[in-house]
Amino acid sequence: MAVSGEEFDVIVVGAGVMGSSTAYQVSKRGHKVLLLEQFDFLHQRGSSHGESRTIRSTYPEEYYYPMVMESYKLWEEAESHIGYKVYFKAQQFDMGSSDDKFLREIIATCQKHSVPHEILDRQQVSDKFSGRFDIPDNWVGVCTSNGGVIKPTKAVSMFQTLAIQNGTVLRDYMEVKDIRKDGVKGGVWVYTSNGEKFWGKKCVVTVGAWTTKLVKTVSGIDLPIQPLETMVCYWRIKEGHEDKYAIGGDFPTFASYGEPYIYGTPSLEFPGLIKVAVHGGYPCDPDKRPWGPGMALGTLKQWVEERLSSLVDSGGPVATQLCMYSMTPDEDFVIDFLGGEFGKDVVVGGGFSGHGFKMSPVVGRILTDLVLTGEAKGVELKHFRIGRFEENPKGNFKEFLHHVM
């Protein structure tokens, strides 16, 4: 156990999936790492808990495609080291109006990167999925092989276990209140609310919904990252049809573009239940959350009834879970040096906007590259700079519409 005043090569603040992945990557390269968490490990107050997350390479922003493809490899690499699975393969099925800009950009990304894909009309969709999806006549579906489900809490535990095996020190119930530059010997001091402090040559901040608060305290920078409370819904598959929706068969992870943007996964975590939810939520203070009552379900009930061919009970979800998003105005990540007096000694990873979990292995690799070498290889980080919000408060310009409520 680390004692107050102890020195480390890298201190990682925040032990959700991004921080845990980073601690694993840094320690794998032989460095002395301290991973700090403000609550207990594997808690359910942030964005890294729960039963499932989707993974897909179908993005309208083409710069995410290589990140997702690298993540597939890194997920499997980590699984080979730990000895169990957290990533379960499936097809990915995207659907929406034939003139939806988001969907059209997804098709363009597939074409640019030579991703094998099928563009299907209503009858072809029905044929491919044996009637389990029913889309309107003016919709199209896009089917690729790069889908799947990640087990989130299990994945965080995996990264932490691997980090421990590499010598990382983990401390929970350690709320970081400040990070200060050491003007004498360089590096930084990290101060916790219980009076302890630790010195690190470098520091990585991955505190999810608390990013804006901590960065403001440490540097005075106002990051436009808005926490949202979101609700995940599980619906009962009608009796006799359960096997048709189970993971491991041909039922895909899926996304439906439009208003609202709806996504879902095959049946995995709860037998006989399928996850179908709205990508969105309500603004909240992560320290004063409403913990419900969640979003109105009328539109989602209608979608389940009409799109899933009446094979799933649309009367209402039989189970729900709450989670948080950390939204940027452009829904792109923040991965950058904090700068100012800290220069390249402090790196920030945040604003993952409800779609970052799948890329946590590559985000950990990128944050590790930045904190250890000052640059990241094989990825274009201009889209994730902090400074983009000074140039334009809305961040990166995009021609397609956003779908988060």
Side-chain angles (χ1 to χ4, degrees), residues 16-26 28 47-48 53-79 86-87 89-90 92 94 102 105-117 144-150 152 155-156 158-159 204 206 208 211 225 253 255 263 279 325-328 330-337 347-373 375-386 388 395-396 398 400 402 404:
V17 73
M18 299 304 182
S20 299
S21 173
T22 303
Y24 162 55
Q25 289 285 343
V26 176
K28 189 170 70 170
S47 306
S48 293
R53 299 285 190 279
T54 60
I55 182 168
R56 57 184 171 85
S57 64
T58 49
Y59 266 88
E61 304 94 342
E62 59 88 17
Y63 44 88
Y64 284 117
Y65 176 80
M67 296 175 67
V68 177
M69 296 311 292
E70 183 179 349
S71 287
Y72 281 116
K73 297 177 182 178
L74 293 177
W75 280 118
E76 292 181 339
E77 177 185 288
E79 287 180 330
V86 299
Y87 159 44
K89 295 181 179 181
Q92 171 67 22
D94 298 288
F102 208 97
E105 289 295 328
I106 283 174
I107 295 171
T109 297
C110 289
Q111 293 170 340
K112 178 176 180 177
H113 294 281
S114 301
V115 179
H117 63 285
T144 68
S145 61
N146 294 329
V149 179
I150 305 292
V156 177
M158 175 185 71
F159 286 133
V204 180
T206 51
T211 301
I225 298 176
T253 49
Y263 69 96
H279 181 55
Y325 288 169
S326 300
M327 303 300 300
T328 60
D330 54 16
E331 299 176 32
D332 284 327
F333 307 159
V334 172
I335 302 175
D336 202 356
F337 299 105
V347 180
V348 177
F352 293 103
S353 301
H355 66 100
F357 199 103
K358 68 178 73 66
M359 287 176 267
S360 55
V362 75
V363 170
R365 193 273 293 171
I366 292 168
L367 292 171
T368 297
D369 284 350
L370 291 176
V371 80
L372 293 181
T373 71
E375 61 181 4
K377 297 179 180 179
V379 63
E380 178 55 72
L381 292 180
K382 67 179 181 180
H383 307 287
F384 308 135
R385 295 180 304 112
I386 292 173
R388 73 184 191 266
N396 297 316
K398 299 182 181 181
F400 46 85
H402 300 291
V404 174

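In terms of the ring pair (Phe, Tyr, Trp, His ring centres under 6.0 Å) criterion, residue partners of His355 (sequence neighbours excluded) are, by chain and number, Tyr59, Tyr64, Phe333. Listed by chain and residue number, Tyr72 satisfy the ring pair (Phe, Tyr, Trp, His ring centres under 6.0 Å) test with Tyr87 (two or more places apart in sequence, or in another chain). With sequence neighbours excluded, the residues that form a side-chain contact (heavy atoms from CB on, under 4.5 Å) with Thr328 are Ile225, Asp330, Val334, Ser353, Arg388, Phe389. Partners of Ser20 by side chain to side chain donor-acceptor pair (under 3.5 Å), not counting sequence neighbours, listed by chain and number: Gln160. For the side chain to side chain donor-acceptor pair (under 3.5 Å) test, residues two or more places apart in sequence or in another chain that qualify with Glu77 are Lys28. Ser48 meets the side-chain contact (heavy atoms from CB on, under 4.5 Å) test with Val17, Val156, Phe357; sequence neighbours excluded. A search for salt bridge (charged side-chain N to carboxylate O under 4.0 Å, His left out) contacts involving Lys89 returns Glu76, not counting sequence neighbours. Remark: Thr373 engages Asp369, Glu375 in a side-chain contact (heavy atoms from CB on, under 4.5 Å) (not counting sequence neighbours). Listed by chain and residue number, Gln92 satisfy the side chain to side chain donor-acceptor pair (under 3.5 Å) test with Thr253 (two or more places apart in sequence, or in another chain). Under the salt bridge (charged side-chain N to carboxylate O under 4.0 Å, His left out) criterion, Lys112 pairs with Glu62, sequence neighbours left out. Remark: Phe337 engages Lys344, Val347, Leu370 in a side-chain contact (heavy atoms from CB on, under 4.5 Å) (not counting sequence neighbours). Taking Asn146 as the reference, Ser57 meet the side chain to side chain donor-acceptor pair (under 3.5 Å) condition, with sequence neighbours excluded.
Looking at Trp75, its side chain never comes within 3.5 Å of a backbone N or O of Ser360 through a donor-acceptor pair.
Salt bridge status for Arg365 with Glu70: present, with a side-chain N to carboxylate O gap under 4.0 Å.
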For Asn396 and Tyr63: C-alpha separation, side-chain torsions, deciding distance, then whether side chain to side chain contact (heavy atoms under 4.5 Å, CB included) applies.
CA-CA 12 Å; Asn396 297 316; Tyr63 44 88; 4.3 Å; yes
Could you check Asp336 against Leu381 for side chain to side chain contact (heavy atoms under 4.5 Å, CB included), going step by step and ending with a plain yes or no?
CA-CA 8 Å; Asp336 202 356; Leu381 292 180; over 6 Å; no
Output, in order, the C-alpha distance, side-chain angles, deciding distance and verdict of side chain to side chain contact (heavy atoms under 4.5 Å, CB included) for Ile366 and Met67.
CA-CA 10 Å; Ile366 292 168; Met67 296 175 67; 4.0 Å; yes
Give the C-alpha distance, both sets of side-chain angles, the deciding distance and a yes or no for side chain to side chain contact (heavy atoms under 4.5 Å, CB included) between Thr211 and Ser326.
CA-CA 9 Å; Thr211 301; Ser326 300; 5.8 Å; no
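Ring geometry for His279 against Tyr325 counts as tilted: the plane angle lies between 30° and 60°, on a 0 to 90° scale.
The shortest distance between side-chain heavy atoms of Glu79 and Val86 falls below 4.5 Å. Within the 4.5 Å cutoff, no side-chain heavy atoms of Arg53 are placed close to those of Lys358.
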